[in-house]
Amino acid sequence: MGYEEEKLRQLDMRYLRMARIWAENSYCVRRQVGALIVKDKMIISDGYNGTPAGFENICEDEVTGKTKPYVLHAEANAITKVAKSANNCDGSTLYVTAAPCIECSKLIIQAGIKRVVYIDDYRSEDGLNLLKRVGIECVKRELEE
């Protein structure tokens with residue numbers, strides 16, 4: 001591995017550790033996911049999975065234990081937060097603790113994110129396949145403890 005590749009790997013690890021810590025803000029029981037959007041070496045947004053603003057912070061149905069249909073994924077929260085700012089995601093990198101689903105992948109494409117770095121697989125590879133289809137670089141990293 002060359003010097004630049006190693007430097008990028010170390011940077012990826014740093015941001016992934018931060019995303020994992022950010023995931024701790026989630027009230028979701030089944031899975032806590034954190035996301036950071038980085039552009040020009042600056043964190044321009046962050047997000048974690050949870051209910052929309054104004055809703056109770058309960059992600060799962062009390063009876064079935066399944067995630068409520070209106071829970072937002074970490075990537076969607078991070079991208080919509082950028083939409084409320086003066087910034088944009090063009091050419092940025094998304095660091096997320098779990099690979100994106102198909103719905104979040106659509107948002108990633110439309111937001112102009114060019115690289116996605118993640119730790120854990122999602123139950124379906126449809127999101128990653130969609131991203132790769134449009135040339136977005138997808139990198140899975142093993143987080144070193």
Side-chain angles (χ1 to χ4, degrees), residues 5 7-145:
E5 285 177 5
K7 203 168 154 183
L8 180 60
R9 190 192 68 76
Q10 288 177 5
L11 200 59
D12 285 351
M13 294 306 207
R14 212 167 285 135
Y15 285 126
L16 285 172
R17 285 193 300 272
M18 292 169 72
R20 191 172 63 185
I21 290 167
W22 201 244
E24 295 173 13
N25 288 313
S26 173
Y27 287 91
C28 295
V29 175
R30 289 179 65 211
R31 185 179 216 174
Q32 294 178 311
V33 179
L36 296 175
I37 299 175
V38 177
K39 183 176 178 178
D40 301 325
K41 296 184 181 175
M42 290 186 302
I43 297 170
I44 62 166
S45 192
D46 53 60
Y48 51 88
N49 57 327
T51 57
F55 282 69
E56 75 291 340
N57 287 321
I58 301 168
C59 298
E60 290 84 13
D61 182 278
E62 292 86 355
V63 178
T64 66
K66 291 188 176 185
T67 301
K68 293 178 180 177
Y70 53 84
V71 168
L72 289 159
H73 287 189
E75 307 95 313
N77 267 326
I79 290 168
T80 55
K81 194 182 279 190
V82 173
K84 290 168 68 173
S85 75
N87 220 325
N88 68 66
C89 296
D90 278 341
S92 64
T93 297
L94 171 70
Y95 292 93
V96 63
T97 57
C101 70
I102 189 93
E103 294 302 319
C104 287
S105 292
K106 293 177 199 175
L107 294 175
I108 290 164
I109 292 165
Q110 292 300 98
I113 294 168
K114 295 299 177 208
R115 187 167 180 263
V116 174
V117 184
Y118 65 98
I119 304 168
D120 298 322
D121 291 322
Y122 188 65
R123 65 178 173 258
S124 165
E125 289 190 14
D126 292 347
L128 288 174
N129 291 337
L130 186 68
L131 295 174
K132 291 172 186 172
R133 185 172 161 189
V134 297
I136 293 175
E137 182 185 0
C138 300
V139 180
K140 181 177 181 177
R141 298 275 193 205
E142 296 291 327
L143 205 55
E144 301 157 354
E145 300 303 323

Donor-acceptor pair, Ser26 side chain versus Gln32 backbone, under 3.5 Å? no
Residues at least two apart in sequence or cross-chain that pass salt bridge (Lys or Arg N to Asp or Glu O under 4.0 Å) with Arg17, listed by chain then number, are none
Trace of the side chain to side chain contact (heavy atoms under 4.5 Å, CB included) decision for Asp12 with Arg115: CA-CA 11 Å; Asp12 285 351; Arg115 187 167 180 263; 2.7 Å; yes
Within this structure, what is the CG-CZ distance for the pair Asp120 and Arg20, rounded to the nearest 0.5 Å? 9.5 Å
Stepwise side chain to side chain contact (heavy atoms under 4.5 Å, CB included) test for Val96 and Val33: CA-CA 7 Å; Val96 63; Val33 179; 3.8 Å; yes
Are any side-chain N or O atoms of Asn49 and backbone N or O atoms of Arg31, one a donor and one an acceptor, separated by less than 3.5 Å? yes
Would you give the length of the straight line joining atom CG of Asn87 to atom OG of Ser92, rounded to the nearest 0.5 angstrom? 9.0 Å
Shortest non-hydrogen separation from Tyr95 to Ala19 and the atoms involved: O-CB, 4.1 Å
Go through the steps for Leu11 and Val38 under the test side chain to side chain contact (heavy atoms under 4.5 Å, CB included), then give the verdict. CA-CA 11 Å; Leu11 200 59; Val38 177; over 6 Å; no
Are any non-hydrogen side-chain atoms of Met18 and Ile43 less than 4.5 angstrom apart? yes
One should read off an interatomic distance between Ile108 CD1 and Leu94 CG, to the nearest 0.5 angstrom, of 5.0 Å
Output yes when a side-chain donor or acceptor of Lys39 lies under 3.5 Å from a complementary backbone atom of Gly91, and no otherwise. no
Considering all heavy atoms of both residues, which atom of Asp61 and which atom of Val63 are nearest to each other, and what is their separation? OD1-N, 2.8 Å
Look at the side chain of Asn77 and the backbone N and O of Tyr48, then say whether any donor-acceptor pair between them is shorter than 3.5 Å. yes
Could you check whether any side-chain N or O of Thr97 sits under 3.5 Å from a backbone N or O of Gly34, counting only pairs where one atom can act as donor and the other as acceptor? yes
About how many Å separate CG of Leu8 and CE of Met13, when rounded to the nearest 0.5 Å? 10.5 Å
Worked verdict on Phe55 versus Ile58 for side chain to side chain contact (heavy atoms under 4.5 Å, CB included): CA-CA 8 Å; Phe55 282 69; Ile58 301 168; over 6 Å; no
CG/Asp121 to CG/Leu128 distance, rounded to the nearest 0.5 angstrom? 7.5 Å
To the nearest 0.5 Å, what is the distance between CD1 on Ile113 and CG on Asn88? 10.5 Å
Listed by chain and number, what are the salt bridge (Lys or Arg N to Asp or Glu O under 4.0 Å) partners of Glu125, not counting sequence neighbours? none
Hey, could you give me each pair passing salt bridge (charged side-chain N to carboxylate O under 4.0 Å, His left out) that has a residue in residues 71-94? Not counting sequence neighbours. Asp46-Lys81
Disulfide (SG to SG under 2.5 Å) pairs, two or more places apart, involving residues 98-131: none
Tyr15 versus Thr93: any side-chain heavy-atom pair under 4.5 Å? no
Contacts of Glu56 that satisfy salt bridge (Lys or Arg N to Asp or Glu O under 4.0 Å) - sequence neighbours left out: Lys68
Examine the side chains of Ser124 and Asp126 and answer whether a donor and an acceptor come within less than 3.5 Å of each other. yes
Scan for disulfide (SG to SG under 2.5 Å) pairs involving residues 12-100, sequence neighbours excluded, and state none if there are none. Cys28-Cys59
Would you say that more than 12 heavy atoms from the other residues, nucleotides or ligands in this model lie under 6.0 Å from the CD of Gln110, or not? no
Within the structure provided, determine whether Leu130 and Lys106 are in side-chain contact (heavy-atom separation under 4.5 Å). yes
Between the main-chain N or O of Met42 and the side-chain N or O of Asp40, is there a donor-acceptor pair closer than 3.5 Å? no
NZ (Lys7) with more than 12 external heavy atoms under 6.0 Å: no
Closest approach of Arg141 and Arg9, non-hydrogen atoms and distance? NH1-CG, 3.4 Å
